[in-house]
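A short worksheet on the structure shown next.
What you are looking at is a predicted structure, and each value in this text was computed from that prediction instead of being measured. Sequence lines set the chain letters: A, B, ... in the order given, protein chains first and strands last, and positions in each chain run from 1.
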Amino acid sequence: MPAESQRLERPAAGAITSQLGRRDVDYLKGLNEEQREAVLATDGPLLVLAGAGTGKTRVLTTRIAHILRTGLARAPEILAVTFTNKAAREMKERIGQLVGASIEGMPWLGTFHSIGARLLRRHAELVGLKSDFTILDTDDQIRLIKQLLDAANIDEKRWPARVFAGMMDNWKNRGLLPANVSAAEAGAFANGRAQTLYADYQARLKVLNAADFGDLLLECIRLFNQHPDVLAEYHRRFKYMLVDEYQDSNVAQYMWLRLLAQGKPASEANICVVGDDDQSIYGWRGAEIDNILRFEKDFPGARVIRLERNYRSTSNILKAASHLIAHNESRLGKTLQTDVGEKGDLVGVTSVWDSEEEARHIGEEIEQLQRQGENLNSIAILVRASYQMREFEERFLTLGLNYRVIGGPRFYERREIRDALAYLRLVWNPNDDLAFDRIVNVPKRGLGDSTLRLVHEAARHQSTSLTDTVRMLVQTEELKPKQRATLRQLIDQFDDWRRRAKAQPYGMMEVDEDAPPGVIRRTPWHADLARQVLDESGYTEMWQNDKSAEAEGRLENLKELVNSMEEFDSLGGFLEHVSLVMDRDTGEAEDAVSIMTLHSAKGLEFDTVFLPGWEEGLFPSQRTLDESGRAGLEEERRLAYVGLTRARKRLRLSLAQNRRIHGLWQSAIPSRFLDELPAEAVEVKDTGSAYGGYGYGGRAGRFNVADPFDSVYETPGWRRAQAQHQSRRSPGPVTIDGDLVARSVDDGRGSKYGVGDRVFHLKFGYGRIEALEGNKLTIEFEKAGRKKVLDSFVQKG
DNA sequence: GCATAATTCGTTTTT
DNA sequence: CGAATTATGC
């Protein structure tokens, strides 16, 4: 885990350029004509349409190297954005190799989000944040929304928080601030209160000094729009802009780029986008394939360079992929030419009885390949939906075949990791209410719903953080003694940890760069502190006492987490890293078959690729068809294209005649995509167990396909979708949940009490104020006696 | 407040 | 069919 965010701060700006003079760089060697052109066309807008396996990353990295080498710009003057951390890391590495320097000095190479975060931290105060703002993950987001729904008296059963989170995500992906959300769209949630909720949510984030992932872009856009001077600063700074996987960009990312490119007239902008419209598979999460299709209009006079020479696959594989993708209408059009030279094996298509047989069959083929000396690492199984994976896992376990599942729950998404991080976040920032919420009763401390509800209400009334609220509450008698003692202890503990955190000066863990190898590096204090926090809080113990099977693994993960902290210079730096870099190191040490979804396979390649489950409904997915119609079908087809083009030498498709979905068996129809493969590149195989005549193999090369596309509109699913769409469009009669009974609300003049006032307290009844101390009142109650309470819990009686 | 039974509900996923 | 979340009883 490289400490990118930390190291980049060091002024190594000249590191790359200074070494260039000494090196005879032959970076242009080995590039084909188009690639070289794409590298050398530095000025003006450029669209590089790079088909699968045509050397896209190579062009991108070489282009950067070229810009540096020729002195067109220095490293900090180049903005290069990717979508994933993995891609960013890879680029850094390869640029490093090309220019013979380390990754240092490319401060603006990163994901949209990490660069967005970097920009926001620099100008935080202009968007209502402090520069040490917290980046929320989806978990925190949901928690926060739940609180807001609760506060607004919206039934969370009927209007689930995750649905609203999805809507907001959607808006943010499209660059919409609360004010810009159309009433029609907002009407679809909580009887039209969505817009207010969105605004409340944003306001709450500011109070919490936090931003969610969407904000990292959206707030940048707002910043640029509202502060042209700031934007101008970056116009001057960035001489060249490069964007990877442009077909995956969404509207917000487009706006972001557009603003940054505005320093010059569009026809002169030095912006280079690289992508493949045929590999756009993220439409469902906001990607606008239109961005890439429209590039030439956005940037008039843009050069377009097509990379069509494929260095990956045999011609049969390529033929299959090209033939299939040609069925799409909205595409810019490329024709991949193989450079491999071999025709290779035919693409195998096998029909099997059910998914169990499918797994058995693929297992056998893999064992066969293994006997032929193939490496398991060079084999992958790519599925459409993750539930298909289980069958393979089970089979491979009984076979004793090594496999690895890629893209499962990520390290930083595991419960124990999030809990541990919440502890650390709360040490780092006492006002992190979401972190507080997460761990206040983890491990179990006997603080249940009622106690926490009380704390929350008090916090809401007083507009203080949960930590501060509790700090006040424990000085009163609002809480039951047991809970009060527990909370007091917890607060004290955190204060203690914070003291320890401050006690250690930063200088202590500065790494001695000149130390000879072998010198044991001192464990940074914050890793130690983390260990202490986890031990003293009882968190470690909680898992030690847990007898479930996963407990051991969780403890391991916690250790790993603490160890990984040692690579960071400060707790803050570490926390930034974990909130943005959510990917795990790929353990490629062992030889194993890879099992993953088609989506997570993008960008990878394998000698042998198995593509199971080519059945109507599963692939293409019925749901996508229902929701997005023809556009959905085209995206599914691109997904198929991505799958096919992952293979270098061997491609094996399969389909089951019967599949169990949601517990019940359904007979399946072969995928229409099978019909779209060129017959001459395909070989239909038979497992022998398929029932003659029914099987796909029985039809002598003609695929027993699927209804024509139009019939999709007749499926029940489609009609359902239509119906939903209708109901969403028309707001309909406004039904009121009946829950409009006024709650005892703070009337705003809350804290204006004086000694002698008669007040009412929900729990203790009527009483008279004896003394005032800030917002703490001492009251002599008529029935309950003398108590200390918070002013927000009483009303004038 | 917490452990256990009943119920709901089923893509794809990065940051 | 099975996970994952929610209602129920102690």
* Residues, nucleotides or ligands: over 12 heavy atoms within 6.0 Å of A/E541 CD ->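 Open.
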
Salt-bridge test for [X] and [Y]: reply yes if a basic N is under 4.0 Å from a carboxylate O, no otherwise.
X: A/K146; Y: A/D437; value: no
X: A/R390; Y: A/E393; value: no
X: A/E356; Y: A/R395; value: no
X: A/R222; Y: A/E219; value: yes

Just call it for A/E636: base, sugar-phosphate, or nothing, with non-hydrogen atoms closer than 4.0 Å on any strand.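 Base contact.
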
| What nucleic acid atoms does A/S621 come within less than 4.0 Å of, heavy atoms only: base, sugar-phosphate, or nothing? |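 Counting heavy atoms under 4.0 Å across all strands, the contact made by A/S621 includes a base.
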
Length of the [atom1]-[atom2] vector between [X] and [N], whole Å:
X: A/I115; N: B/dT15; atom1: CD1; atom2: P; value: 13 Å
X: A/M168; N: B/dT15; atom1: CE; atom2: P; value: 20 Å
X: A/K86; N: B/dT13; atom1: NZ; atom2: C1'; value: 14 Å
X: A/D212; N: B/dT15; atom1: CG; atom2: C1'; value: 10 Å
X: A/W256; N: B/dT15; atom1: CH2; atom2: P; value: 15 Å
X: A/Q666; N: B/dG10; atom1: CD; atom2: P; value: 15 Å
X: A/M389; N: B/dT12; atom1: CE; atom2: P; value: 8 Å
X: A/Y387; N: B/dC9; atom1: OH; atom2: C1'; value: 13 Å

Sort me out a list of protein N/O and nucleotides 2-4 of chain B N/O pairs below 3.5 Å, or just none if empty.
| residue | atom | partner | partner atom | Å |
| --- | --- | --- | --- | --- |
| B/dC2 | OP1 | A/G446 | N | 3.4 |
| B/dC2 | OP2 | A/N441 | ND2 | 3.1 |

For this session: Give a yes/no verdict on base stacking between B/dT12 and A/W284: centres under 5.5 Å, planes within less than 30° of parallel.
Result: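 Base of B/dT12: stacked against A/W284.
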
Quick tally for nucleotides 1-10 of chain C: nucleotides whose base has a protein heavy atom under 4.0 Å get B, sugar-phosphate-only ones S, the rest -, giving BS----S---

Could you check which of B/dT12, B/dT13, B/dT15 has an atom nearest any side-chain atom of A/S386?
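Nearest to the side chain of A/S386 among the choices is B/dT12.
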
In terms of side-chain heavy atoms of A/R285, which of B/dT13, B/dG1, B/dT15 is nearest?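 Shortest atom-to-atom distance from the side chain points to B/dT13.
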
Between the side chains of [X] and [Y], does any donor sit under 3.5 Å from an acceptor?
X: A/D212; Y: A/Y201; answer: yes
X: A/T57; Y: A/E90; answer: no
X: A/D248; Y: A/Q253; answer: no

OP1 or OP2 of [N] less than 4.0 angstrom from a side-chain nitrogen or oxygen of [X], does that happen here?
X: A/T597; N: B/dT13; result: yes
X: A/T451; N: B/dG1; result: yes
X: A/T111; N: B/dT14; result: no

Note to self: If the test is side-chain contact (heavy atoms from CB on, under 4.5 Å), which one of A/R384, A/M389, A/Q388 qualifies with A/T597?
What the structure shows: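 The side-chain contact (heavy atoms from CB on, under 4.5 Å) with A/T597 is passed solely by A/M389 among A/R384, A/M389, A/Q388.
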
Legend entry - Residue whose nearest DNA chain B nucleotide is more 5′ - A/T138 or A/R384: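 Nearest nucleotide further toward 5': that of A/R384.
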
- prompt: Do you know which of A/N429, A/D132, A/D432 makes side chain to side chain donor-acceptor pair (under 3.5 Å) with A/N209?
  reply: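 With A/N209 as partner, A/N429, A/D132, A/D432 yield a single side chain to side chain donor-acceptor pair (under 3.5 Å), made by A/D132.
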
* Taking the C1' atom of each, how far is C/dT5 from B/dT12, in whole Å? ->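 Straight-line distance between the two C1' atoms is 22 Å.
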
Check: Which value, in whole Å, describes the distance between the P atoms of nucleotides B/dT13 and C/dA4?
Finding: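 One P to the other, the span is 15 Å.
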
